[in-house]
Amino acid sequence: MFNQRIKIKQLLSGTPTGTEVVVMGWVRTFRNNQFVALNDGSTNANLQVVASLGEFEETILKRITTGASLKVTGTVVESLGKGQTVEVKATSIEILGDSDAEKYPLQPKKHSLEFLREKAHLRFRTNTFASVFRIRHALAFAVHQFFNERGFVYLNTPIITSSDAEGAGEMFRVTTLPMEGAPKNEQGEIDYTQDFFGKSTNLTVSGQLEGELGAMAFSEIYTFGPTFRAENSNTTRHLAEFWMIEPEMAFHDIEDNMNLAESFIQYLIQYVMKNNADDLAFLDARLAEEEKQLPTEKRSGLGLLEKLNLVVNNNFERITYTEAIDILLNSNHYKKKKFKYDVKWGIDLQSEHERYLVEQHFKKPVIVTGYPAAIKAFYMRMNDGCEAGKETVAAMDILAPGIGEIVGGSQREERLEVLEARMRSMHVPVEEMSWYLDTRRFGTVPHAGFGLGFERMIQFVTGMTNIRDVIAFARTPKNCEY
RNA sequence: UCCUCCUUAGCUCAGUUGGUUAGAGCAUCUGACUGUUAAUCAGAGGGUCGUCUGUUCAAGUCAGACAGGGGGAGCCA
């Protein structure tokens with residue numbers, strides 16, 4: 001058996017001195033021709049391997065370069081140096097894989113995130129990205145644990161869909177028809193009856209509609225998978241391929257929905273604070289360092305850990321859309337005409353408005369409910385007793401500091417007639433959606449759900465400002481490396 | 001898609017009103033030193049100044065187009 005090694009994280013957490021160990025990992029630095037900082041990805045803490053002078057061939061020492069992989073056998077000893085309590089005194093060092101020092105792009109120094117983004121295949125070997133992706137893993141695990149504890153069924157909704165009725169964004173077409181000389185029908189349009197599925201198909205933009213079908217049987221389900229949007233969005237918070245978590249619950253109204261979303265977010269943060277304290281501490285220090293470089297007016301004034309504690313220990317602010325508009329209209333910011341976009345009832349809130357509410361006014365996450373029906377999707381439940389011309393739906397968005405919208409959800413319209421009427425007025429093809437409407441025909445119930453952008457959640461927890469730095473291999477317009 | 005800024009050594013960046021042979025730190029290589037912590041010290045190598053076109057006696061520097069990247073906006077999660 002090849003792998004009898006101990007992982008560095010385990011070794012550093014209390015292996016008694018005198019123990020014989022085998023460790024494997026990659027060289028971060030080799031100092032003084034004697035001290036190897038070895039990392040195996042289990043923690044950012046490096047293991048110091050000591051190659052005592054004169055005990056190793058010069059030809060081996062020459063090959064211990066940054067990025068090279070080693071198998072080290074040795075003894076755990078108390079460290080004579082100051083940077084660590086224990087180290088491994090090597091009895092043998094085997095080079096598993098060389099790393100040409102002249103060509104290896106990562107140096108033992110600070111690199112810019114932009115540079116590392118172009119070296120995405122190697123950036124996991126840096127402390128920042130190692131921490132981010134260990135946290136990403138922990139968050140994914142916590143998502144499943146949260147829902148599993150509550151009896152939700154994990155439903156895998158399809159990635160290829162034929163439904164184009166959601167209006168959630170531009171879609172990527174899926175086809176096996178030839179690009180040139182595609183078969184045409186009598187009207188001269190492309191004949192999708194000859195395509196693989198016999199119809200036009202796309203990559204999913206949301207699993208929600210299928211999720212509702214599941215909720216109408218299991219009571220509570222959630223989806224967690226990749227989602228695709230072909231929007232030409234070039235921002236720090238959009239990806240063409242991203243992961244989304246979409247719970248859908250029967251017998252829930254909008255308030256139950258808010259309660260679940262709020263405790264979900266708090267649960268995820270608490271899980272990471274408990275299980276990834278080292279990584280969070282590293283990112284907290286990193287962010288504090290970054291802040292120092294910024295001019296005073298651009299600093300957030302709140303450390304990463306402080307921010308996370310604030311979110312975990314306080315209820316989210318809950319306001320209606322109408323109240324949000326009033327707050328904006330009464331703000332000095334508005335009176336001094338500092339908003340670029342005008343504020344009046346009926347508008348969709350712009351980022352600058354959301355940022356004002358979250359970052360200036362409330363200074364914590366805010367849940368906004370009761371948006372105008374005209375600016376929201378067809379499946380959202382019409383609120384009863386609205387003033388004419390000011391119809392609202394039972395929608396809710398959770399706005400987070402620094403990220404903006406992190407959750408979008410609603411109570412769904414369960415009344416068949418109301419839903420059909422709304423679909424017709426919004427030009428949603430009612431006949432093609434018959435399978436969806438069956439849930440309202442046969443045993444319809446009040447139900448609700450929301451979508452949480454996984455990468456945005458990771459951004460919030462790690463403090464990374466660009467979404468491309470929290471997904472392993474980002475897909476964005478004009479960019480599909482690896 | 002729009003606005004805006006950027007592109008000079010492997011990396012991070014200087015480079016004056018256009019003017020001799022384009023610099024620094026780190027990295028790399030060579031040597032010294034040897035309980036170092038992004039080791040230190042000495043020396044060396046390393047450049048089509050993003051690409052193309054133009055203005056000029058002369059362009060890293062000025063103008064235009066294109067490409068790539070950052071930030072912001074829209075769309076949204």
Side-chain angles (χ1 to χ4, degrees), chain A residues 28-37 45-54 61-62 65-67 77-84 87 89 99-119 126-127 166-170 205-208 226-246 261 293-294 298 339-341 348-355 375-377 397-400 403-409 450-460 465-471 476-479 481:
Chain A
R28 285 289 175 83
T29 65
F30 185 33
R31 289 183 292 268
N32 228 343
N33 223 21
Q34 207 180 154
F35 304 102
V36 183
N46 296 325
L47 173 69
Q48 171 148 292
V49 171
V50 183
S52 299
L53 287 171
L61 296 178
K62 284 262 182 214
T65 54
T66 303
V77 296
E78 215 169 293
S79 179
L80 298 173
K82 282 187 180 142
Q84 56 284 315
E87 61 194 19
K89 190 175 176 340
S99 173
D100 186 336
E102 293 208 45
K103 293 186 182 141
Y104 186 63
L106 302 185
Q107 298 162 17
K109 69 168 217 174
K110 190 175 160 62
H111 288 289
S112 69
L113 295 176
E114 292 80 15
F115 171 72
L116 292 170
R117 213 169 284 153
E118 291 177 5
K119 300 271 177 288
T126 65
N127 285 336
E166 291 155 38
E170 293 293 313
V205 293
S206 162
Q208 183 204 310
T227 309
F228 308 87
R229 306 264 168 102
E231 298 286 350
N232 191 6
S233 295
N234 292 288
T235 78
T236 53
R237 53 192 190 284
H238 287 87
L239 292 165
E241 176 180 307
F242 65 99
W243 287 62
M244 191 152 63
I245 297 140
E246 296 180 289
Q293 314 290 325
L294 294 174
K298 286 206 166 176
F339 288 122
K340 199 172 146 204
Y341 291 85
D348 209 350
L349 295 178
Q350 303 293 323
S351 326
E352 59 173 352
H353 304 143
E354 296 180 349
R355 292 184 77 104
I375 58 171
K376 287 291 181 182
D397 283 357
I398 301 185
L399 311 176
I403 311 286
E405 187 179 341
I406 193 167
V407 162
F450 62 85
L452 174 112
F454 189 49
E455 282 78 15
R456 288 192 183 171
M457 185 66 201
I458 303 167
Q459 277 188 281
F460 186 73
T465 51
N466 193 315
I467 200 165
R468 293 162 200 197
D469 295 331
V470 300
I471 189 164
T476 53
K478 301 272 185 294
N479 192 338
E481 282 296 310

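Letters A, B, ... are given to chains in the order of the sequence lines, protein chains preceding strands, and every chain is numbered from 1.
Between the side chains of A:R28 and A:N127, at least one donor-acceptor pair of N or O atoms lies under 3.5 Å.
Using a cutoff of 4.0 Å between basic side-chain nitrogens and carboxylate oxygens, A:D348 and A:K376 are not scored as salt-bridged.
The side chain of A:K109 lies closest to B:A38 when the candidates are B:G31, B:A38, B:U34. In the set B:G31, B:G69, B:C29, the nucleotide with an atom closest to the side chain of A:A101 is B:C29. Among the nucleotides B:G10, B:A73, B:A39, the one closest to the side chain of A:K340 is B:A73. For A:Q48, the side-chain atoms get nearest to B:U36 when compared with the rest of B:C75, B:U1, B:U36. Closest contact between the side chain of A:F35 and the listed nucleotides B:U37, B:A73, B:U36 involves B:U36. Listed nucleotides: B:G10, B:C76, B:G71. Nearest to the side chain of A:T236: B:G71.
Inter-residue side-chain proximity for A:H238 and A:T476 is flagged as unmet; no heavy-atom pair is nearer than 4.5 Å. Proximity of A:W243 to A:T227: side-chain heavy atoms (C-beta onward) are nowhere separated by under 4.5 Å. When side chains are defined from C-beta on, A:I406 counts as touching A:F460, because their heavy atoms get closer than 4.5 Å. Looking only at side-chain heavy atoms (C-beta outward), A:T236 and A:I467 stay at 4.5 Å or farther from each other. Looking only at side-chain heavy atoms (C-beta outward), A:H111 and A:T126 stay at 4.5 Å or farther from each other. Residues A:L239 and A:E455 meet the side-chain proximity criterion, which asks for heavy atoms closer than 4.5 Å.
Annotation: of the two residues near RNA chain B, A:K478 and A:K376, the 5′-most nearest-nucleotide partner is A:K478.
The side chain of A:R468 places an N or O atom within less than 4.0 Å of a non-bridging phosphate oxygen (OP1 or OP2) of B:G70. For A:S112 and B:U12, the shortest distance from a side-chain N or O to OP1 or OP2 is below 4.0 Å. Dashed line: the shortest gap from a side-chain N or O of A:T235 to OP1 or OP2 of B:C75 is not under 4.0 Å. Between B:G74 and A:N232, no contact under 4.0 Å exists linking OP1 or OP2 to a side-chain N or O. One finds no side-chain N or O of A:R31 lying less than 4.0 angstrom from the OP1 or OP2 phosphate oxygen of B:U36. When the side-chain nitrogen and oxygen atoms of A:R237 are compared with OP1 and OP2 of B:A73, one or more of them lie within a distance under 4.0 Å. Between A:N32 and the phosphate of B:U36, there is no side-chain N or O to OP1/OP2 separation shorter than 4.0 Å. Checking the phosphate oxygens (OP1, OP2) of B:G70, a side-chain nitrogen or oxygen of A:R117 falls inside 4.0 Å. Contact check, A:Q350 against B:A73: no side-chain N or O comes under 4.0 Å of OP1 or OP2.
A donor and an acceptor atom sit less than 3.5 Å apart, one in the side chain of A:S233 and one in the base of B:C75. For A:E102 against B:G10, no side-chain N or O and base N or O form a donor-acceptor pair under 3.5 Å. The base of B:U36 sits within donor-acceptor range of the side chain of A:Q84, with an N or O pair under 3.5 Å. In the interface, the side chain of A:H111 is not paired with the base of B:C11 through any donor and acceptor atom under 3.5 Å apart. The base of B:G35 sits within donor-acceptor range of the side chain of A:E87, with an N or O pair under 3.5 Å.
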Test side chain to side chain donor-acceptor pair (under 3.5 Å) applied to A:N466 and A:R237, step by step: CA-CA 6 Å; A:N466 193 315; A:R237 53 192 190 284; over 6 Å; no
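A:N466 comes within contact range of the sugar-phosphate backbone alone, with a heavy-atom separation under 4.0 Å but no base atom that close. Counting non-hydrogen atoms under 4.0 angstrom, A:F460 reaches nothing in the nucleic acid. Among the atoms of the strands shown, only primed sugar atoms or phosphate atoms (P, OP1, OP2) are found under 4.0 Å from some heavy atom of A:I406. Within 4.0 Å of A:F115, counting heavy atoms only, lie sugar-phosphate atoms of the nucleic acid but no base atom. Contact annotation for A:K103: no contact, since no heavy-atom pair falls under 4.0 Å across all strands. Nucleic acid contact class of A:N479 (heavy atoms, under 4.0 Å, all strands): sugar-phosphate only. When heavy atoms are screened at a 4.0 angstrom cut-off, A:Q107 is found touching base atoms of the nucleic acid.
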Wobble G-U and Watson-Crick pairs count when both distances are under 3.5 Å; given that, what is the 5' to 3' dot-bracket string of RNA chain B, with | for pairing to other strands? (((((((..((((.....[...)))).(((((.......))))).....(((((..]....))))))))))))....
